[in-house]
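Reading through the structure tokens given below for one structure.
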Amino acid sequence: MATLLQEADNKIIDLLVREGLADPNATQAIVQEAAANGKPAIPELLARNIINDDMVAHATAIIIGVPYVELKNITLDQETLGMIPGEASSRVLAVPLGMKDGLLNVAMADVTNVQATDYLSSLVNQPIRVWMASEHGIRELLEQYHGDFSGVNEAVRATDEDQQSEHKEEAKTIVQDSPISKALTTILSYAAKTKASDIHIEPLENSLIIRCRIDGVLRKIMELPKTVAPALVSRIKILANLKIDEHRVPQDGQFTVIVDDQEIDLRIAISPVTWGEQVVIRLLDKTGVSMEIEKMGMSGRALRDVLEGIKKPNGMILTSGPTGSGKSTTLYALIQKIKSEEINIVTMEDPVEYKMSGINQIQVNVDAGLTFAAGLRSILRQDPDVVMVGEIRDSETAGLAVQAALTGHLVFSTLHTNSAAGILPRLLDMGIEPFLLASTLNVVIGQRLVRRLTEKKELYKSNEVETSGINQLVGELLPKDKALVNEVGEDLGYPGLPVRNDDFYMLSRGVNTKETPGGYKGRSGLYETIVVDDDIQKMIISHSTANEIMKLARSKGTITMRQDGVLKVLSGITTMEEVNRVASDLS
């Protein structure tokens, strides 16, 4: 038996070498080493990345004479996946590919397993045709797709079959094991696994659309019959302790779920719209967010400015940007930098997004009279060293934050402005005296989020428009000759920047797969910082505009968010399309 297996392995290895898919010298050395140790060679070749799963599966298919399918770029709909129950697919490592010529085509990791083939054929009650696929490919497909929405499909069938009144549908959702409960669980599970930040449940005239915001971009994941909407929305209301019979006014709530042994907080916002009620669910997963400012994309001069700012015993660190630009996460990362047993850190948040040990976090409760302003007054009587205010929304909160900074506290907070320089006139508009603002601000931060390129990239030459845009934005920052590459790269925080070139630059784009749509996976921040020194203070006191303040800051070495984005493009972190998408309104 061992000899037969060894012969099969040798045939596979010979084929891969003959086709130029495996390095002959490295392969021969590993095969000889494995033979001397009495071990099979293929696992060793896989472990050392000489070959991969798909190569082995393809070669095996050719040798035994069965068709091969590479699952990496295949997307299967839920109807096709539903042809074989999820439990059976996982047990025998098989996925259905669809019907053709009266046969169900099935991809299997082990096509020689006759018992598994017969089992599947009897299970679906029809003949099947097997295709060879890699175990890795099948497992990825099963994990990402299979079973994700089976509960939803069951809920659809149950709702279609059971045409009850709206009252009965709502009562039905109270049952923990009801189909609609399982449907909601599968939607939440899918969102958590794909690292979605939001789930949108949107009613149309004749259907219900489910979309997820993944890496900052909304993607439609399914469309359901309209009959499911009342029960699904009611189930969410029950979990969030909202009124299930209230359909005329917006409601907000929250609850917590556990997905893959990880606790995820959910913020719920329900609003009446033309065709029913829209639900937006924000997912807050602390485990999935890096709390290290360097890993979030801040580097070079911006990083140095911020780290110097948080070393001061008092003053204000403010960050700005549109909703969903990562402002709160930046503040958490900065607090993580200074957290110690020697200082008392108190936060006032709405809501408390990430629970951190060693920090006293207070949840805003407007209904109970606990506003940002009221909470901040209370915090200042709790002997804090560092205060974080989730957001400065009004003049009263702004005034209290400035007073806290003046009385010896280090204050962190956020504002909704388009840029770092925009923070300064915004606070002046809130009634803060210019001399107070000038004397309390340490550093202000502007930020946006762009999608990161996946690790699998391909290079291409920039076109004329891209080259011109790059030179216009960062040409003056790039090294003029190769001798300065390391020095300039270290100063800007992007080692390996190219020398300025008027012809073209080598840029990167990600490989588009079902796991990395568009070639992106994860996000990175674009940052700009302004250190409030004597010159900036004079401009604040003289009521200068945001553009005037930024012009002065740039003359002192500030890198703008758009420039930071282009530097990230040249470093292979993101693309010009992404930078233009999120920062087209910036200079």
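This chain uses plain numbering: 1 for the first residue, then up along the sequence.
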## Note on the structure
The side-chain contact (heavy atoms from CB on, under 4.5 Å) partners of Asn344 (sequence neighbours excluded) come to Val346, Asn360, Pro384, Asp385
#### Entry: Minimum heavy-atom distance between Phe255 and Ile236, given as atom pair plus value
CE2-O, 4.2 Å
### Query
When Ile317 is tested against each of Thr330, Ile310, Leu441 for side chain to side chain contact (heavy atoms under 4.5 Å, CB included), which residue passes?
Ile310
### Query
How close do Ser413 and Gly390 get, heavy atom to heavy atom, and via which atoms?
OG-C, 4.3 Å
### Query
Is the side chain of Ser189 donor-acceptor paired with the backbone N or O of Thr185 at a distance under 3.5 Å, no angle test?
no
### Query
So does Glu578 pair up with Lys568, basic N to acidic O under 4.0 Å?
no
### Under-4.0 Å salt bridge between Arg448 and Glu528
no
### Message
Restricting to non-hydrogen atoms, name the atom on Glu466 and the atom on Tyr460 that form the minimum distance, rounded to 0.1 Å.
### Response
OE2-OH, 3.3 Å
### Message
Quick test of your reading of the model: are Arg301 and Asp305 salt-bridged, counting only N-O distances below 4.0 Å?
### Response
no
### Query
Is the closest side-chain heavy-atom distance between Leu507 and Thr575 below 4.5 Å?
no
### Task
Identify, with sequence neighbours excluded, every residue that meets side-chain contact (heavy atoms from CB on, under 4.5 Å) alongside Val511.
Lys456, Thr513
#### Entry: Arg452 atom CZ, neighbour heavy-atom count above 12 within 6.0 Å
yes
### Message
Given 3.5 Å as the limit, does a donor-acceptor pair link the side chain of Gln254 with the main chain of Asp265, or not?
### Response
no
### Message
Has Lys327 got a side-chain atom pairing as donor or acceptor with Thr319's backbone, closer than 3.5 angstrom?
### Response
no
### Query
Does atom NZ of Lys457 have more than 12 heavy-atom neighbours from other groups under 6.0 Å away?
yes
### Message
As a test of understanding, state which of Glu202, His200, Glu223 forms a side chain to side chain donor-acceptor pair (under 3.5 Å) with Arg211.
### Response
Glu202
### Message
So does Met356 get a backbone contact from the side chain of Gln361, meaning a donor-acceptor N/O pair under 3.5 Å?
### Response
yes
